[in-house]
Amino acid sequence: ELTCLNPFDKETVETSLKRTHKLAILDESTRSGGVGATMSALIAETLFDELDAPVLRLCMEDAPVPYATEMEKEMVKRASDLVAGVKSMC
């Protein structure tokens with residue numbers, strides 16, 4: 001878990017990748033242009049050889065976020081989505 005994005009703690013991610021060789025990113029922004037997309041690209045550019053699988057990005061699809069709370073809950077990824085995604089990588 002990263003505590004800040006700038007400066008980006010690449011050493012922590014690299015240490016984890018050397019141990020697991022997999023990366024999952026949970027991001028509340030949209031698939032295009034979000035923080036997760038930038039992080040995924042940075043890891044692919046600098047630590048590609050450590051990856052045994054594509055980076056798993058759990059984020060919202062490129063669509064407006066609904067105002068209604070119940071509809072928003074369906075769009076925004078949660079911790080349970082991360083757990084299911086990580087289990088699917090194993």
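All values below were derived from every heavy atom in this structure, side-chain atoms included, with hydrogens, water molecules and symmetry-related copies excluded.
- In the hydrophobic cluster analysis, where Ile, Leu, Val, Met, Phe, Trp and Tyr join through side-chain heavy atoms closer than 4.5 angstrom, Val83 is grouped apart from Leu58.
- One distance of note links OG1 of Thr38 with CZ of Phe8; it measures 10.0 Å at 0.5 Å rounding.
- Distance alone, capped at 3.5 Å, places no donor-acceptor pair between the Ser40 side chain and the Ala37 backbone.
- Once rounded to the nearest 0.5 Å, the distance linking CD of Glu14 with CD of Glu50 reads 6.5 Å.
- In this structure, Leu47 and Lys10 have side chains that are in contact, with non-hydrogen atoms separated by less than 4.5 Å.
- Among all heavy-atom pairs drawn from Ile25 and Met39, the shortest one is CD1-CB, 4.0 Å.
- When all heavy atoms of Asp62 and Ser32 are compared, the pair lying nearest together is OD2-OG, 2.6 Å.
- Of all heavy-atom pairs spanning Arg31 and Cys59, the tightest one is CA-SG, 3.5 Å.
- A distance of 10.5 Å separates CG of Asp81 from CG of Leu56, quoted to the nearest 0.5 Å.
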